[in-house]
Amino acid sequence: MKTIIANWKMNVGVRESVALARGTLLTLRGRKHIPELIICPPFVALSEVRKVVARSGVALGAQNVFWAESGSYTGEISTRMLEELGVGHVIIGHSERRHYLGETNEMVNKKVLHVLASQVTPIICVGETREEHEAGETMQVVSEQLKRACLNVRLRAHDRLCIAYEPLWAIGTGDAANVSEVLETHRLIRSIFQELFGAQSTSQVRVLYGGSVDQGNAYSFLREPEVDGVLVGSASVKINQFKDIVHAACEVLEAQFL
Ligand code: PGA
């Protein structure tokens, strides 16, 4: 299976989200083997988009969550609220939140623990800066982020996690990481899981790549067995580009059945 996550960020309002959700559903039309598709609109559009994707097989995700169930946390949203809206996945620790809102590894960890106690699946984002990349520190940074995100996590048999490896220098720049670097980092992520939670845990985690995934490079990532999917930002709000990305996943899946 391949997973495609569309992160619409703060790029669309409610009306545009509804139109984009309709367009996204159409990308699957006529395809025999389809990827798992998770769309993450802004919070304000979740309930309207939910109506569009109802019974379609396309899943709803959120872009952020808080770490408490309820209480005096102005402006925040809990997993209980997300569940009420039919949200099955939530992005945690996206680099834009780390950068603009000061989200730390500790906060990411609190969110991961809170989300794993709910029915929602966390999508944990990790990735190094350009300076760290150039200094050859990618493995160290990703390992540290992942271990701190998973601190005190007791993985139960039914828990599922997604890890999105998103190098900061690749996000929104048009400069995607090369496939061999992505594979190396994905292997590291899986080995950390094995170290933290045992060999069987690797079947509970999906490892994705994100950062300037577009219609030109999606296939080269998706055809790799070690890449469980992609997290798409900019190209996910341009329906013609997104259609090609979805079709690249369909082609990979269809080729497995030839
Ligand atoms: P991008 O964003 O596809 O625009 O690089 C990816 C992300 O931020 O998740």
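The shown structure was predicted, so the numbers you read here are calculated from the model rather than taken from an experiment. All ligand and atom numbering here is 1-based and tracks the order in the structure. Heavy-atom basis, side chains included; hydrogens, waters and symmetry copies ignored.
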Between K147 and E195, is there a side-chain N and carboxylate O pair less than 4.0 Å apart?
yes
Charged N to carboxylate O under 4.0 angstrom, E254 versus R31?
yes
Is R190 paired with D228 through a side-chain N to carboxylate O contact shorter than 4.0 Å?
yes
Hey, are E84 and R80 close enough for a salt bridge, meaning a charged N less than 4.0 Å from a carboxylate O?
no
Validation row, ring centre H186 to ring centre Y209 under 6.0 Å:
no
Who are the side chain to side chain contact (heavy atoms under 4.5 Å, CB included) partners of N64, not counting sequence neighbours?
F43, E76, R97, E103, K111
Just the distances, no angles: every ligand 1 N or O to protein N or O pair closer than 3.5 Å, one line each.
| residue | atom | partner | partner atom | Å |
| --- | --- | --- | --- | --- |
| ligand 1 | 2 (O) | K9 | NZ | 3.3 |
| ligand 1 | 3 (O) | G233 | N | 2.8 |
| ligand 1 | 4 (O) | S234 | N | 2.9 |
| ligand 1 | 4 (O) | S234 | OG | 2.3 |
| ligand 1 | 5 (O) | G172 | N | 2.6 |
| ligand 1 | 5 (O) | S212 | N | 2.7 |
| ligand 1 | 8 (O) | K9 | NZ | 2.7 |
| ligand 1 | 8 (O) | H94 | NE2 | 2.7 |
| ligand 1 | 9 (O) | H94 | NE2 | 3.1 |
| ligand 1 | 9 (O) | E166 | OE1 | 3.2 |
| ligand 1 | 9 (O) | E166 | OE2 | 2.7 |

